[in-house]
Amino acid sequence: MATAAVGTAPWRLWCHLSCPAFCRSRLPFSPFPASPRRPHQRLAIRKRTPPEASPSPSSSSFRRRTVCFFSSDGNSSGPSSAASSPTSASPSTSPSAEELYLYNTMTKQREAFRPRVPGKVGMYVCGVTTYDLSHIGHARAYVTFDVLYRYLRHLGYEVCYVRNFTDVDDKDPLTLSSRFCEEFHADMAHLQCLPPSVEPKVSEHINQIIDMIKEIFDNGYAYMIDGDVYFTVDKFPSYGKLSGRKLEDNRAGERVSVDSRKQNPADFALWKSAKPGEPQWESPWGPGRPGWHIECSAMSKTYLGYSFDIHGGGWTSCAACRSSRINYWVHNGFVTVDSEKMSKSLGNFFTIRQVIDLYHPLALRLFLLGTHYRSPINHSDSHLETASDRLFYIYQTLVDCEEFLGWRAEGSLKDSLPVSTRDCINKFRAEFKNSMADDLHTPVLLAAFSDPLKTINDLLHTRKGRKQELRAESLVALEREIRKALTVLGLMPSSYSEVLLELRDKALRRAGLTEEQVLQKIVDRTSARKNQQYETSDEIRKELAAVGIALMDAPDGTTWRPGIPLRLEEHVAPPA
């Protein structure tokens with residue numbers, strides 16, 4: 001089930017069908033249970049890379065699985081290979097004293113986060129339907145929940161993060177869906193999204209889906225017509241409560257197909273009878289395939305039970321049963337393009353691949369984090385240019401810091417820090433804690449980087465900074481604090497220098513120039529200045545600035561760095 005909210009897409013009429021109103025079987029709660037029918041069944045848990053390291057697109061970490069046992073009380077046990085996984089070998093199962101508040105879509109208010117089991121969190125996020133490359137709406141959703149995942153782990157929670165693949169639909173065969181699963185993995189790796197604990201596929205959980213449909217059918221909440229099984233919304237008055245829409249407001253044909261055979265136009269298919277060319281499985285109602293409404297319900301029940309902590313997705317997956325036992329419903333906002341709805345019909349539809357072909361993936365991630373996750377976000381070249389420029393500044397500052405500290409032995413540094421540095425660090429720590437605890441307010445945290453980065457640049461490049469006592473100690477401490485925050489945001493690269501080179505390459509591609517051409521322009525400008533041809537010199541600078549190449553003059557010569565093209569600067573808001 002695709003979750004990325006794009007433009008003003010129709011409300012999804014999905015109801016979380018794994019609530020006790022429909023299904024009779026009940027489980028003792030555990031955020032990490034095995035199958036409800038076999039409480040000690042082996043679960044396939046993906047090995048995760050540490051938060052500090054990002055998986056490469058071809059990394060086998062996306063495919064390797066390790067076995068872990070989870071008992072019904074939520075405690076993990078089993079072979080040592082399982083115990084060595086990041087999930088089950090958490091350094092502490094007790095979270096830190098830091099508070100976290102999340103906006104709960106169900107209650108329409110900000111609530112203190114309290115997991116059902118102390119120290120453990122069960123989180124389910126609706127995944128993509130794998131019939132095409134993922135777009136920037138998907139990027140928005142999965143970057144959002146990657147930050148939540150990282151922050152929960154930062155607080156000390158042991159998190160079981162489940163994100164599904166809807167690899168069964170009426171568009172493409174399973175072989176093509178499998179290909180797009182891998183393409184999605186590559187996109188997520190580029191964006192430095194950590195792999196979830198479990199990634200179930202619909203095609204591998206048909207039995208669980210059929211079992212759930214049978215329970216719903218036996219309880220009188222579904223009916224069959226010619227091999228199709230429909231959920232009857234009239235028997236459930238609370239249907240759609242999460243979205244805030246009344247049943248009578250839903251229009252037939254929006255995400256629920258028009259069918260004169262149905263008892264109510266809003267009734268939706270739980271099971272669809274087989275059609276030529278579509279994948280199909282045997283069922284009590286004849287051959288067919290699941291309807292997309294039921295899939296996430298069955299898979300979340302399989303891995304997290306009927307009751308768990310967080311259910312996440314885009315606003316288009318926003319509907320639920322009142323009696324479902326999920327503590328926090330978290331949804332991200334829409335994506336628009338140049339303030340218009342993003343859609344293929346308008347010609348403004350962008351895949352992640354199209355964007356990162358011109359902009360660094362971490363610039364896209366920074367852009368997405370620059371707007372609070374629940375607010376609509378407007379995709380535009382000017383915003384991506386701003387994010388790219390800011391990212392270059394952050395990493396260039398940290399590279400300069402590394403180069404200065406590189407020749408100094410760590411043992412030669414003192415333990416003390418100047419008062420001004422301690423004050424700067426304490427302020428940044430407080431802003432980090434307060435902004436992240438306040439419903440993941442990442443824009444506020446990104447703005448808070450300004451002070452420690454400026455302090456580093458002052459220590460490195462100003463006369464007063466060079467004379468400051470304990471200069472190296474200050475730089476080490478400041479860089480360490482920035483690195484910790486970048487890690488939680490998923491913006492910590494394996495190499496600052498490598499990303500800077502990649503940012504330069506992307507800027508050249510957007511400008512339509514090569515490195516050699518830019519260097520020749522610098523030579524021509526230097527010659528013009530020597531010959532006092534200042535008008536020619538200024539023209540060369542403006543020509544390059546117009547396409548996003550900024551020249552920087554220094555006593556030892558002229559260099560260049562990526563900049564915001566002049567044509568876009570008027571659309572860029574001043575930095576916070």
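Excluded from the calculations below are hydrogen atoms, water molecules and symmetry mates; all remaining heavy atoms, backbone and side chain alike, are included. Not measured: the values here are computed from a predicted model.
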>> Could you walk me through whether R365 and D146 satisfy the salt bridge (charged side-chain N to carboxylate O under 4.0 Å, His left out) test, starting with their C-alpha distance in whole Å, then the side-chain angles of each, then the deciding distance to 0.1 Å, before giving a yes or no?
In response: CA-CA 11 Å; R365 185 176 179 111; D146 180 65; 2.6 Å; yes

>> For R353 and E183: C-alpha separation, side-chain torsions, deciding distance, then whether salt bridge (charged side-chain N to carboxylate O under 4.0 Å, His left out) applies.
In response: CA-CA 10 Å; R353 299 289 173 87; E183 298 290 358; 2.5 Å; yes

> Can L446 and L491 be said to form a side-chain contact (heavy atoms from CB on, under 4.5 Å), step by step?
Replying inline: CA-CA 11 Å; L446 290 173; L491 291 170; 4.3 Å; yes

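The main-chain N or O of C296 is found under 3.5 Å from a side-chain atom of S300 such that the two form a donor-acceptor pair. For Y221 (side chain) and V233 (main-chain N/O), no donor-acceptor pair under 3.5 Å exists by modelled atom type. No donor-acceptor pair under 3.5 Å is formed between the side chain of K120 and the backbone N or O of P115. In this structure, the side chain of K108 engages the main chain of T105 through a donor-acceptor pair within 3.5 Å. With hydrogens and angles disregarded, no donor-acceptor distance shorter than 3.5 Å links the side chain of N164 to the backbone of P200. A distance-only check finds no donor-acceptor pair linking the side chain of S273 to the backbone of G227 [under 3.5 Å]. Although no hydrogens or angles enter the test, the distance criterion places no donor-acceptor pair under 3.5 Å between the side chain of R116 and the main chain of S307. N104 places a side-chain N or O within 3.5 Å of a backbone atom of W329 that can act as its donor or acceptor partner. Here the side chain of Q280 pairs no donor or acceptor atom with the backbone of P287 at under 3.5 angstrom. Proximity of a side-chain donor or acceptor of D438 to a complementary backbone N or O of N434 within less than 3.5 Å is not detected.
Counting heavy atoms from C-beta on, the side chains of M212 and I294 come closer than 4.5 Å. Here the side chains of K301 and Q208 are not in contact, with every heavy-atom distance at 4.5 Å or above. Within the 4.5 Å cutoff, no side-chain heavy atoms of V162 are placed close to those of F308. When side chains are defined from C-beta on, K201 counts as touching C181, because their heavy atoms get closer than 4.5 Å. By the 4.5 Å heavy-atom criterion applied to side chains, F165 and V128 are counted as neighbours. Between Y157 and M123, every side-chain heavy-atom pair lies at or beyond the 4.5 Å cut-off. In this structure, the side chains of V147 and M436 come closer than 4.5 Å at one or more pairs of heavy atoms. The side-chain heavy atoms of T351 and I136, taken from C-beta on, include no pair separated by under 4.5 Å.
Note: F367 and H383 have parallel aromatic rings, judged against thresholds of 30 and 60 degrees for the angle between ring planes. Under the 30°/60° scheme for interplanar angles, the aromatic rings of F268 and F231 are found to lie parallel. Taking the six-membered ring where the residue is Trp, H372 and H441 present tilted rings, their angle falling between 30° and 60°.
No side-chain N or O of Y230 forms a donor-acceptor pair with one of N264 less than 3.5 Å apart. When only modelled atom types and interatomic distance are considered, D167 and S203 share a side-chain donor-acceptor pair under 3.5 Å. Remark: the E111 side chain and the T107 side chain contain an N/O donor-acceptor pair separated by less than 3.5 Å. With hydrogens and angles left out, the side-chain atoms of R114 and N327 include no donor and acceptor closer than 3.5 Å.
L489 and L369 make their closest contact through O-CD1, 3.5 Å (heavy atoms, listed as atom of the first residue, atom of the second, distance). Scanning both residues, G122 and L304, for their nearest heavy atoms gives CA-CD2, 3.9 Å.
Taking the ring axis of Y373 as reference, the NZ or CZ atom of R140 does not stay both within 45° of it and closer than 6.0 Å to the ring centre. For the pair R110 and Y101, the cation-pi test (distance below 6.0 Å, angle within 45°) is passed.
With ring centers used as reference points, Y303 lies under 6.0 Å from H205. Remark: aromatic rings of Y142 and F184 are close, center separation under 6.0 Å. A distance of 6.0 Å or more separates the ring centres of H135 and F350.
Under the rule for a side chain to side chain donor-acceptor pair (under 3.5 Å), T232 has no partner lying at least two apart in sequence or in another chain.
Interatomic distance, Y161 OH to I310 CD1, rounded to the nearest 0.5 Å: 10.5 Å.
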